[in-house]
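All remarks here apply to the structure that follows.
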Amino acid sequence: MSSNGGNQDSTGGITLQTVRDALIRQEDTIVFSLIERSRFPLNHPAYNASMASGSLAESVIREIEAVYAKAGRYENPEEHPFFPEGLPLPATSPPKNETFLHPAGISININKDIWSLYFEKLLPLFVVGGDDGNYVPTAQSDLTSLQALSRRIHYGKFVAEVKYRDAPEDYEPAIRAQDRNALMKLLTFESVEEMVKKRVEKKAMVFGQNVTLGSGDGNKTNYKIDPSVVSRVYEDWVIPLTKDVEVEYLLRRLE
Ligand SMILES: O=C(O)C(=O)C[C@]1(C(=O)O)C=C[C@@H](O)C=C1
């Protein structure tokens with residue numbers, strides 16, 4: 001819980017409200033990162049797998065992740081690499097903090113799905129077509145967005161752990177039966193999802209409005225990315241994938 005101001009010990013202080021607050025704070029990072037990415041056109045050659053070792057985006061991100069791995073970034077249970085295979089070990093061993101999460105769920109990593117979804121479905125929704133040749137800054141911007149989305153989606157582990165600890169008697173029968181549908185039902189709060197979708201749409205309006213000093217065009221509101229697209233990104237992918245992580249985590253909660 002380090003990135004959002006909640007440095008807790010193994011159990012202390014983490015509640016459904018604090019994990020939801022962390023998700024709300026992460027919305028800011030996601031919305032800003034998508035706005036920043038929209039500065040560049042699609043720049044398809046950056047992620048078209050035409051290079052021997054995959055796309056330019058992939059090779060840049062692999063190198064950056066290797067540096068991060070050496071620095072110990074992925075020792076934090078909130079961080080998940082996109083290319084975990086063959087990463088170097090941390091140069092110095094970080095202090096071993098006891099984690100809040102159940103050990104069997106820590107290794108869940110759905111970044112491969114997030115990666116293909118991001119490039120195939122999400123980018124074309126809010127980025128204009130075209131090619132301005134800025135491939136490396138584009139790849140860097142993609143990584144920032146991907147990490148923000150990945151952190152939020154994998155945060156489902158923390159949400160699931162809190163929900164389980166709050167009511168183990170509700171979750172245990174479904175976990176023992178390995179019943180995904182029952183778990184999905186138990187962890188779903190539709191009214192919360194509605195609020196999330198509305199709030200991210202509003203954030204996209206506030207953070208992405210074009211600011212001018214002239215008084216003449218005050219009623220011509222113009223956003224850097226379409227706020228309804230941000231809401232849709234949450235509705236169609238961010239929330240469902242967070243819930244998938246929650247279910248996967250809970251299925252392993254009694255191992
Ligand atoms: O806040 C929760 O309870 C969550 O599990 C997070 C979340 C979300 O992804 O925003 C997912 C499932 C719930 O239905 C509501 C919201």
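All residue numbers refer to positions in the sequence shown, counting from 1. Start at 1 and go down the list; that is how both ligands and their atoms are numbered.
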Open item on the list: Tell me whether the rings of His154 and His80 are parallel (<30°), tilted (30 to 60°) or perpendicular (>60°).
Closed with: parallel
Task: Flag side-chain contact, heavy atom, 4.5 Å: Pro81 against Asn109 - done: yes
- [ ] Under the side chain to side chain contact (heavy atoms under 4.5 Å, CB included) rule, what do Arg253 and Glu161 come out as? Steps first, then yes or no, please.
- [x] CA-CA 8 Å; Arg253 185 59 183 76; Glu161 178 64 22; 2.8 Å; yes
Open item on the list: A side-chain contact here means heavy atoms from C-beta on lying under 4.5 Å apart; do Arg73 and Gln147 qualify?
Closed with: yes
Task: Main-chain N/O of Gln140 paired with Thr144 side-chain donor or acceptor, under 3.5 Å - done: yes
TODO: For Val196, counting its heavy atoms only, list the atoms of ligand 1 lying under 4.0 Å from any of them.
DONE: 10 (O)
- [ ] Determine whether the side chains of Asp132 and Asn43 contain a donor N or O and an acceptor N or O closer than 3.5 Å.
- [x] yes
- [ ] Give the contacting part of Val159 toward ligand 1: side chain, backbone, both or neither, where contact means a heavy-atom distance below 4.0 Å.
- [x] side chain
- [ ] Could you list the atoms of ligand 1 found under 4.0 angstrom from a heavy atom of Lys163?
- [x] 2 (C), 3 (O), 4 (C), 5 (O)
Open item on the list: Students should be able to answer this: which protein heavy-atom is nearest to atom 11 (C) of ligand 1, and at what distance?
Closed with: Lys243 CG, 3.7 Å
Task: From the candidates Met195, Arg20, Arg152, Glu190, the one that places a heavy atom nearest atom 10 (O) of ligand 1 - done: Arg152
Open item on the list: As an exercise, identify every atom of ligand 1 less than 4.0 angstrom from a heavy atom of Glu246.
Closed with: 4 (C), 5 (O), 6 (C), 11 (C)
Task: ligand 1-proximal atoms of Leu187, by part, heavy-atom distance under 4.0 Å - done: backbone
Open item on the list: Counting the benzene-type ring for Trp, do Trp115 and Tyr47 have ring centres under 6.0 Å apart?
Closed with: no
Open item on the list: Can you confirm whether the side chains of Tyr223 and Asn210 place a donor and an acceptor under 3.5 Å from each other?
Closed with: no
TODO: Check ligand 1 against Thr188 and write out every atom of the ligand that is under 4.0 Å from a heavy-atom position of the residue.
DONE: 14 (O)
- [ ] Indicate whether atom 7 (C) of ligand 1 is within a distance of less than 4.0 angstrom of some protein heavy atom.
- [x] no
Open item on the list: Suppose we measure from atom 15 (C) of ligand 1 to each protein heavy atom; which comes out shortest, and what is that distance?
Closed with: Glu193 CG, 3.5 Å
Task: Where ligand 1 meets Phe189 - atom numbers and elements under 4.0 angstrom, heavy-atom basis - done: 3 (O), 13 (C), 14 (O), 15 (C)
